[in-house]
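Worksheet for the structure shown next.
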Amino acid sequence: MEYRFNEIEKKWQDQWKADKVYQVSNESAKPKYYVLDMFPYPSGAGLHVGHPLGYIASDIYSRYKRLKGFNVLHPMGFDSFGLPAEQYALETGQHPAETTKKNIATFKSQLDKIGFCYDWEREVQTSDPNYYKWTQWIFLQLFNSYFCNTEKKALPISQLIKKYETKGALPKTGEPVPGKHFTAEEWKGYSKQQQEEILMNRRLAFSKYGEVNWCEALGTVLANDEVVNGVSERGGHPVEKKKMRQWYLRITAYADRLLEGLETVEFSESMKEMQRNWIGKSQGAEMDFVIKDNDKKLRVYTTRPDTIFGVDFMVVAPEHELVAAITSAEQKEDIDKYLQYVKSRSERERLAEAKTITGCFTGAYAINPFDGKEIPIWISEYVLAGYGTGAIMAVPCGDQRDFAFAKHFNIPITNIIGDYYTGEEANATKEAILQNSGFLNGLLMKDAIGVAVDKIEALGIGTRKVNYRMRDAGFSRQRYWGEPFPIIWTDGIAVPLDAEELPLELPHVDKYGPGPEGEGPLANITDWVNTPAGRRETSTMPGYAGSSWYFLRYMDPHNGTTFCDRKASDYWNQVDLYIGGTEHAVGHLLYSRMWTKVLFDLGLIGFDEPFRKLVNQGMITGNSYFVIGFYAHDLEITVSDLENTNKEFYHFLMSIDIFEKEGSTIFELNGKKYRADDISEFQKTRVRYAHLFVDSKNRLTRKGLAKTFQLDNFSVDEIEKSINCIFWDGKTEDGEDFIQCKHEVEKMSKSKYNTVNPDELCDKYGADTFRMYEMFLGPVEASKPWDTKGIEGVHRFLRKLWRLFNDDIKGKVWTDEKPTDAELKILHRTIKKIEEDTEKFSFNTAVSAFMICINDLFDVKCHKKEVLEKILILMVPYAPHIAEELWHQLGNEGSILDATYPTFNPALLVESTKEYPISINGKVRANLSLALDLDQKQVEEIVLQNDVVQKWLEGKDPKKIIYVKNKMINVVV
RNA sequence: GCCCAUGUGGCGGAAUUGGUAGACGCAGCAGACUCAAAAUCUGCCAUUCGCAAGGGUGUGAAGGUUCGAUUCCUUUCGUGGGCACCA
C-alpha cells in the first residue's frame, strides 16, 4: 500500500469536520490556553506560501498544547473591512460585501486544505453587522469616557460632569481642560454647546479639526499611502492639506501605561523598542525667555537644559503664533517671503528634504536669563509647530542640526564642552565637563541637567516637562467600507446613538465615489444622512477599529447582549500566544493594547494587556526574475490578439546584460532603426511566474517564455516572426534558445509575479508535507527565501515514515514485538528533542529531529507498534493527517488528536561511556571512548598512553591536561 | 544620523552555560536495482596540499580574553528592518 496523501487528507478532514473535533468549550476542567493568529485581510489574490507560515506555527503549538492536556482556543477570522474592496467596487460596481464574501470563501478553502485546527464556529468577520455592532458599542464607551489624571485611568464622562457641576475645573481639582479653568457656577452658566466642547476635550474618542490629504482633482481625501511626492498616486494630481472635522482616539493619555505595560509582556526586545520609539517619551524642561523690547515671552522645550549657556540662537516654527508679533520692521519683508515659501511646501517635502537648510531671522532677540546674552530668534521649517512648544533653543556645539544651521547662516558658535567640540561637527555628549557655563561650570553634563532644571524652577521661569512623540490616533476615514459612526450631529453637538439602536448598519449605496467637500460616500445618501434628530456622521472607522478587540469576540462570538461575556473573558483571559508579522508593530498592537486598557479601566474585562507573548514570524521572500522589455511607441503589435491576452507584451525582449552592453545603440526592427533613447517606455520587467519556468541556471528558454506569457494559442515562433524582437543570449545544452535572467529576492506579492500558491503544493505533495516543509525552511522568526525544490526532501521523509508501517508490495509490516533498548533510546531521544524544540518554537530543528529518528529506525529495521505509535503522537502537531491514518492502521480506536503526549524517560538515555574528543593544544587529534565515572587522574593516564597523543607530544611532558566530564579532553603541551 | 536584528559550504540552515563547526534537507557527483523510467537503496560532497596516511586553512574582516571562541569583549565592513528635522 502506498502513501496516498490526497485520499488520506480528504478522508480525515471530512471525518474531523463531521465529528466537530475542533469545537472548543468555554467550560472545561483543563487549564486554558489561547493561541491567536493575526487574522488576514481577505484580498482577492488569495493566500500565497508566505501567509501560512505563522498559521502553521500556531497550529503546531495549539495541537501540542492540546495533547499536553490544555483546553486550547485557536480561532480564525477575517479583517474584512478595508480599502481594496472599496476600490474594486469603485472600478467594477460590485458591492464590497459581495467580493468580500467571495474572497473569504477562497481563503477558508485554502486554509482548510492545510488542515488547521480552527473552531470555525467561532469565526469573526469585522464587516459583519453582528460583529461591528460591538465595535460601535466600544466606540461609544470610548466616547463616553475620559482619562482621569489623578487615578490614571479611564472613567465614565458622567463622573467628570458631576465634578464640573460640583467643583468646577480649577487648577487644583486635577481635572482641568487644557488651558481652561472655571468654577462650578461658571460651568452651569455655559451653554450646552460650550459644555460639550469642553467635554470633547476630555473624551477618549473625540472629534476636532485635523488635517487630511485633500486631492481637489479626485474630489477625495487620500491616505498617506496614496500620496507620493506630494501628488496622488493615481493620476498624479496635486494634494494639499485640508482642515476637516475628524475623530481621534486619545491614545496619548495612555502613553505611560503603554510603556509600563511592555514590561509585563513577552515581546521581542526589538518589538518593544519599536513601540517605545513610537511613543517617544522624552524628559526635559519648558522654559520662558524674555524677548528684548517686547512684553511677549518665548517658551521653548528642551531635553538638555544643561546646555543653556551654549544657546546661540532660537528657532521658532514658521507657524508659531509669536512670529508676527516679534518680527522687526526691517525683517518683515524677508519673513513674509519665507512664510510664503513654507506655505508652498507640503509637510512631506519639509520632511523629505532634510539636507537643505532654510530659515530667516526675525530681527528679535531673546534674553538668556542667566547671563543676559541677547539671542537672535530665527524661524525655520526644521522646527515643527506640533511638537513641544514649536520653538527650540539652538545649541550648535551640541546638536548637529543646530550646528549646520549656524554654519549656514554664519552664526557664531559658543563652545561649552571644551575638547569634545572640534569645530567640525556638533557633539551631543553628556560626558563633558561644562565650560563657559556660569553656575554650571565644572559640572558633568549628565549631572548638570538636574541642577539646571532646579534653578529654572526656583526662578519660576520654567518647569520639568515630559513630552511624547506619539500623537492621538486619527479615527475617521472618508470611505464607505468601514464601520459607520453611531453619532448624529445636532446643533453642532455630537450625540451618540443609544446602545439599543446598534448596529448602525452600512446603508446601501449605488456609487462608491466620494461625497461633497471631501466627505465620504455616505454623505451622498441624503435619506440616510438626514434624520429628524440631525445629521449623521458620514465618515467611517479605520481598519484598525475592528482588529483592536477581535481577540475578545472569539471568546464569546455569538453573544447578542454584550461584546463578550465577562465570564468568558475571565476564563480565556489574555492571549497566551500571539503570532503575526512585524508590520503591525506600532499600529495594530498599540491600538489593541490601548482598547484593552480602556475596557479594563471600565471594568468590562479583567486584564489590561491583551497579549502575553508575541512571536513575530519572518517574511517569506520570493525570487523575481528580470529581463528587459520595452515598447517602440510607433509600432502596432501585429498579432492583434496578443494585446488582449497579455498587456505586458513588448517589442523588444532581451537580457539585462545585452541591454547594458548595447546601451543606447540602435535596435533594428522590421527594417526600421531605433535607438534606446527613442523608445518611449522601457523598463526592467519581471518575468511572469518565472520561478515556475526559469531553469536551474536562471535561463528563460523558448518553451519557458511561451508558458510565462501564457500564450497558449501562439508559439514563440509566431511572435518572433511577426515582431522579430527577441534577443536570445545563446543556446542551452539541448540546443534551445534562452534569455539569461537576473533575479532579485523580494517580498512575495502578486504584483511581482513571484508568488507560490499553497494549494498547488498541497495537491502535489499533501498538506502534511507542505506544513512540515514550511517549518523546515528555517526559524519562524527569520525571513527566508522560498525554494519549492526542497519540498521533495520532506515528502520523501513522510513516505519513509509510511514505509515503516506499510510496504508497497508486502503490505502491513508493523509488528507487536517488544522494542529493544536501542530502539527505546531512539524513541526517547526523539521525545525529548521534539518537546524541547516545540516549546521554544524551534520547529525547523524539530522536523530534522523527526527525520533523524525515522532514519535511525530504518537503520535498525524497527517496525514495532510500541515505538511507532508514540512517534505518531509526537507528529500530530506537525503532520496530523498521516498521524491519524497510521494511528488507525495500528488498530487504535478514537482520534489521535486526543491521545496523551508521551513522557520522556531519562533513564533510557543514560550512558556509561562517552566518545571523547582528545585535542592537543585545542585541536582535535583523536577520539577515545572512556567510562563516565573516571576521575581526572585515571583519564590522564589513559590519555597519555594513547599513540596519537604520544606522537603529538614528541617526547615532551604535557603542561596540563584539561578534562571536562562528558565534554572533551584537552592536552596542553 | 539613531535604534534593533543579522553575517556559517553551491543553497536553506544546525551547533546546550565557550568544549569534535557544517546536524537535517536541497542541489550535485558516482554506483546498485530496472529492458527503461520512476521510486528506492549505497557511497562521496567546506577549501587546499597529498596516491594515501596525514597535514594546512576555514563561521564577513582585524585584534583581544581563554587550555579551547561560530559563541564573550573591542574595532570595523556588509545586509535587512524600524525611527527620524522630535529639540
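Each chain gets a letter, A, B and so on, in the order its sequence line appears, and its residues count up from 1.
One N or O donor and one acceptor, one from the side chain of K967(A) and one from the base of rU17(B), sit under 3.5 Å apart.
Between D399(A) and R304(A) there is no salt bridge, since no side-chain N of the basic residue sits under 4.0 Å from a carboxylate O of the acidic one. Between K833(A) and D837(A) there is a salt bridge, since at least one side-chain N of the basic residue sits less than 4.0 Å from a carboxylate O of the acidic one. A salt bridge does not link E836(A) to K840(A): none of the charged side-chain nitrogens sits closer than 4.0 Å to a carboxylate oxygen. By the 4.0 Å N-to-carboxylate-O rule, K812(A) lies too far from D807(A) to be salt-bridged with it. Salt bridge absent: E940(A) and K937(A) never bring a charged side-chain N and a carboxylate O closer than 4.0 Å. A salt bridge does not link R299(A) with E321(A): every distance from a Lys NZ or Arg NE/NH1/NH2 to an Asp or Glu carboxylate oxygen is 4.0 Å or more.
For the pair L53(A) CG and rG13(B) P, the computed distance is 12 Å after rounding to whole Å. Between I961(A) atom CD1 and rG19(B) atom C1' there is a gap of 16 Å when expressed in whole angstrom units. Atom pair N970(A):CG and rA69(B):P shows a separation of 10 Å (rounding to whole Å applied).
Comparing rA27(B) with rU79(B), their P atoms sit 31 Å apart, to the nearest whole Å. One P atom belongs to rU48(B), the other to rU40(B), and the distance between them is 32 Å to the nearest Å. The gap from the C1' atom of rU20(B) to that of rU59(B) amounts to 15 Å, rounded to the nearest Å. For the P atoms, the distance linking rA37(B) with rA46(B) amounts to 29 Å, nearest Å. Taking the P atoms as reference points, rA14(B) lies 13 Å from rA23(B), given to the whole Å. The separation of rG7(B) from rU71(B), taken at their C1' atoms, amounts to 14 Å, rounded to a whole angstrom. Here the separation of rC33(B) from rU42(B), taken at their P atoms, is 15 Å to the nearest Å.
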So which protein N/O to nucleotides 40-42 of chain B N/O distances come out below 3.5 Å?
{"residue": "rU40(B)", "atom": "OP1", "partner": "R799(A)", "partner atom": "NH2", "Å": "2.6"}
{"residue": "rU40(B)", "atom": "O3'", "partner": "R803(A)", "partner atom": "NH2", "Å": "3.4"}

Below 3.5 Å between N/O atoms, which protein atoms pair up with nucleotides 21-23 of chain B? Just atom names and distances, please.
none

Quick test: give all pairs of protein nitrogen or oxygen and nucleotides 1-3 of chain B nitrogen or oxygen below 3.5 Å, distance rounded to 0.1 Å.
none

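Among the heavy atoms of the strands, none lies under 4.0 Å from N467(A). Using a 4.0 Å heavy-atom distance criterion, K784(A) is classed as a sugar-phosphate-only contact.
Seen from the ring of Y916(A), K967(A) does not count as a face-on cation partner, given the 6.0 Å and 45° thresholds.
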Next item on the list: Give the intermediate values and the outcome of side-chain hydrogen bond (donor to acceptor under 3.5 Å, both in side chains) for residues Y468(A) and S282(A).
Entry: CA-CA 6 Å; Y468(A) 300 95; S282(A) 72; over 6 Å; no
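Because its glycosidic torsion is within 90° of 0, rG9(B) is reported here as syn.
Of the candidate nucleotides rC24(B), rC83(B), rU57(B), rC83(B) has the atom lying nearest to any side-chain atom of R469(A). Of the candidates rG19(B), rG12(B), rC4(B), rG19(B) carries the atom nearest the V964(A) side chain, counting heavy atoms from C-beta on. Checked against rC67(B), rG13(B), rC83(B), the side chain of P779(A) finds its nearest nucleotide in rG13(B).
For K784(A), the side chain to side chain donor-acceptor pair (under 3.5 Å) test picks out no residue, with sequence neighbours left out. Remark: T414(A) engages D312(A), K373(A) in a side chain to side chain donor-acceptor pair (under 3.5 Å) (not counting sequence neighbours).
The base-pairing partner of rG31(B), taking Watson-Crick or G-U wobble contacts with both distances under 3.5 Å, is rC41(B). Base pairing analysis places rU20(B) opposite nothing; no Watson-Crick or G-U wobble pair with both distances below 3.5 Å involves it.
The main-chain N or O of N277(A) is found under 3.5 Å from a side-chain atom of R469(A) such that the two form a donor-acceptor pair. Without hydrogens or angle criteria, N368(A) side chain to I308(A) main chain gives a donor-acceptor distance under 3.5 Å.
Judged as a salt bridge (Lys or Arg N to Asp or Glu O under 4.0 Å), the pairs with a partner in residues 771-783 of chain A (not counting sequence neighbours) are, in order, D59(A)-R771(A).
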